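Here is the structure we will look at.
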Amino acid sequence: MTQLLEPALRAQTFPEGLYIHLPFCAAICTYCDFSSETYAAGRAQRYLTALENEMRVRVGALQLSEPYAPRTIFLGGGTPSALNIPELEKFFELLRRYVDWTRTAEFTIEANPGSTDAAKLEFLLKQGVKRISFGVQSFQPHLLKLLGRVHGADQGREAVALARKAGYSNISIDLMHGLPTQKRDDLRRDLDEAIALGTEHISAYGLIYEDGTPLTQAVQRGVVGSLSEEEEGAQYTLVMETLEQAGLPQYEVSNYARPGFEAQHNLIYWRNEAYLGLGVSAASFVDFKRSTNFYEMDRYMAAAEKDGIAIASSETLDKDARARESLVLELRLRRGVDAADFARRWGLDFSQHPAIAKFMREGLMERTPEGRYRISRQGMPVADGILAELV
């Protein structure tokens, strides 16, 4: 394998993306296996103190001659909007000590329609948060109940309206498909509602049955039935076709945006560039090393309070692993991957992989008019299986 070129090396050494995990929620959803817990004031205060200690140590380890100024910042969870304004004020005070976001191109926060109000939205906008992502998931009451969401359909609509009124011009919403009991008519109504709201970005995720979650257990007990693979695929195709016809072309397996509003932070992940993750369960990729923080809140806080390091596992990737991982991530993007350019950047000619020829024959992959390899529309519903064979 040939040596990687400098641009690819630089992109994997300095973390242009900053992710911060704020794990508190009003209630835990039935499908969720993220590191999160029900909001409690005392826990939130302790967590913010531990987070500041980790931030001080991890940002300091970058050994920068000037303040850390990432290109993108993403506040995820959990539900960051579950924190009240005084707690958010404390968070931004500690963030300001270690991070300069005056030149950040994209600053996103995840929010729950049930924990968002006008005052909070205006406060966040004044802090520099310019992009907001609402976890709507559905506008159908029976599906919101199934998912354990604490907001109603009206609150999803109202949250977007409040954000517009506050001054946000980059709004995303999350929707889900492939849910137990979900009909295609349910999904059509959700898509029509989302399009009518005029948001710039929509993430549409197929349900993944995570081990140990209440929804997975309900399916295992036969309380509710999962959809067939054929129906899941049909719903995925419905999402693709409907959103593209509405002016939100697909740019990644689960993401759709009006031109120019693609999620810049997530593009860092899909291009396999470096990012720093802070907080419980957060992952980082810096200097070719992947690391993940403790998933359990108490273990994370104890470790961060002690010395600012709460890493549970880490792995340094060799050149071959970085190249193959980059291929799998970049192929998630609808634009596809140019084989010659990829070989120049990573020293790997993936076009010779036997699985590529197989997928091309089966119509699951295709060449674009520019000659780029990409997963075809037919292959998109089974993209994860395709990518698994290329690792």
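Index from 1, following the sequence. These numbers come from the heavy atoms of this one structure, side chains and all, not from hydrogens, waters or symmetry mates. Being a predicted model, the structure only gives us computed values, none of them experimental.
- Using the six-membered ring where Trp is involved, Phe350 and Tyr373 have ring planes that are perpendicular, over 60° apart on the 30 and 60° scheme.
- Side chains of Trp346 and Lys319 form no contact here, defined as non-hydrogen atoms less than 4.5 Å apart.
- Gln250 contributes a side-chain N or O that, together with a main-chain N or O of Val253, makes up a donor-acceptor pair within less than 3.5 Å.
- By the 30° and 60° cut-offs, the orientation of the rings of Tyr47 relative to Phe24 is perpendicular.
- With rounding to the nearest 0.5 Å, the separation of OH in Tyr19 from CG in Asn266 is 10.5 Å.
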(request) Decide side-chain hydrogen bond (donor to acceptor under 3.5 Å, both in side chains) for Ser115 and Ser81; before the verdict, give the C-alpha distance in whole Å, the side-chain angles of both, and the deciding distance to 0.1 Å. (result) CA-CA 6 Å; Ser115 60; Ser81 61; 2.8 Å; yes
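- Between the side chain of Arg372 and the main chain of Gly336, a donor-acceptor pair closer than 3.5 Å is present.
- At most 12 non-hydrogen atoms from other residues, nucleotides or ligands lie less than 6.0 angstrom from CD1 of Ile208.
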(message) Using salt bridge (Lys or Arg N to Asp or Glu O under 4.0 Å), reason through Asp154 and Arg157 one step at a time and then give a plain yes or no.
(response) CA-CA 5 Å; Asp154 287 342; Arg157 304 179 192 101; 2.4 Å; yes
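- His142 pairs by the side-chain contact (heavy atoms from CB on, under 4.5 Å) definition with Gln140, Thr181, Asp186, not counting sequence neighbours.
- For the salt bridge (Lys or Arg N to Asp or Glu O under 4.0 Å) with Glu252, the qualifying choice from Arg332, Arg334, Arg335 is Arg332, the only one to do so.
- Not counting sequence neighbours, Glu229 has no partner by the side-chain contact (heavy atoms from CB on, under 4.5 Å) test.
- No donor-acceptor contact under 3.5 angstrom links the side chains of Ser313 and Arg290, judged on distance only.
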(request) Begin with the C-alpha distance, continue with both residues' side-chain angles, and end with the deciding distance and a verdict on ring pair (Phe, Tyr, Trp, His ring centres under 6.0 Å) for His201 and Phe134. (result) CA-CA 10 Å; His201 187 282; Phe134 288 113; over 10 Å; no
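- The closest donor-acceptor contact from the side chain of Tyr168 to the backbone of Leu121 lies under 3.5 Å.
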(request) List the steps and the verdict of salt bridge (Lys or Arg N to Asp or Glu O under 4.0 Å) for Asp338 and Arg367. (result) CA-CA 9 Å; Asp338 181 277; Arg367 302 285 294 274; over 6 Å; no
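- Taking the six-membered ring for Trp and the full ring otherwise, the centers of Tyr98 and Tyr68 sit at least 6.0 Å from each other.
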(request) Could you please spell out the steps behind the salt bridge (Lys or Arg N to Asp or Glu O under 4.0 Å) verdict for Asp320 and Arg324? (result) CA-CA 6 Å; Asp320 185 65; Arg324 294 184 182 280; 3.3 Å; yes
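- Using modelled atom types, one finds no donor on one side chain facing an acceptor on the other under 3.5 Å when comparing Gln235 with Arg188.
- More than 12 heavy-atom neighbours from other residues, nucleotides or ligands sit within 6.0 angstrom of NZ on Lys90.
- A donor-acceptor distance shorter than 3.5 angstrom exists from the side chain of Glu87 to the backbone of Asn84, with no hydrogens or angles considered.
- Asp190 and Ser138 share a side-chain donor-acceptor pair at under 3.5 Å.
- Closest heavy-atom contact between Gln378 and Glu362: NE2-O, 3.5 Å.
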(request) Give the C-alpha distance, both sets of side-chain angles, the deciding distance and a yes or no for salt bridge (Lys or Arg N to Asp or Glu O under 4.0 Å) between Glu106 and Arg71. (result) CA-CA 7 Å; Glu106 181 187 87; Arg71 189 169 76 242; over 6 Å; no
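- Put simply, the side chain of Glu110 never gets that close to the backbone of Pro80: no donor and acceptor are under 3.5 Å apart.
- Not one N or O on the side chain of His21 forms a donor-acceptor pair closer than 3.5 Å with the backbone of Pro23.
- In the displayed structure, Lys126 atom NZ is contacted under 6.0 Å by at most 12 heavy atoms of other residues, nucleotides or ligands.
- Ser376 places a side-chain N or O within donor-acceptor distance of the main-chain N or O of Leu364, the cut-off being under 3.5 Å.
- Looking at Asn293 and Ser281, their side chains never bring a donor and an acceptor atom within 3.5 Å of each other.
- With 3.5 Å as the limit, one finds no donor-acceptor pair spanning the side chains of Ser133 and Thr108.
- Both tests pass for Arg322 against the ring of Phe288: distance under 6.0 Å to the centre and angle within 45° of the axis.
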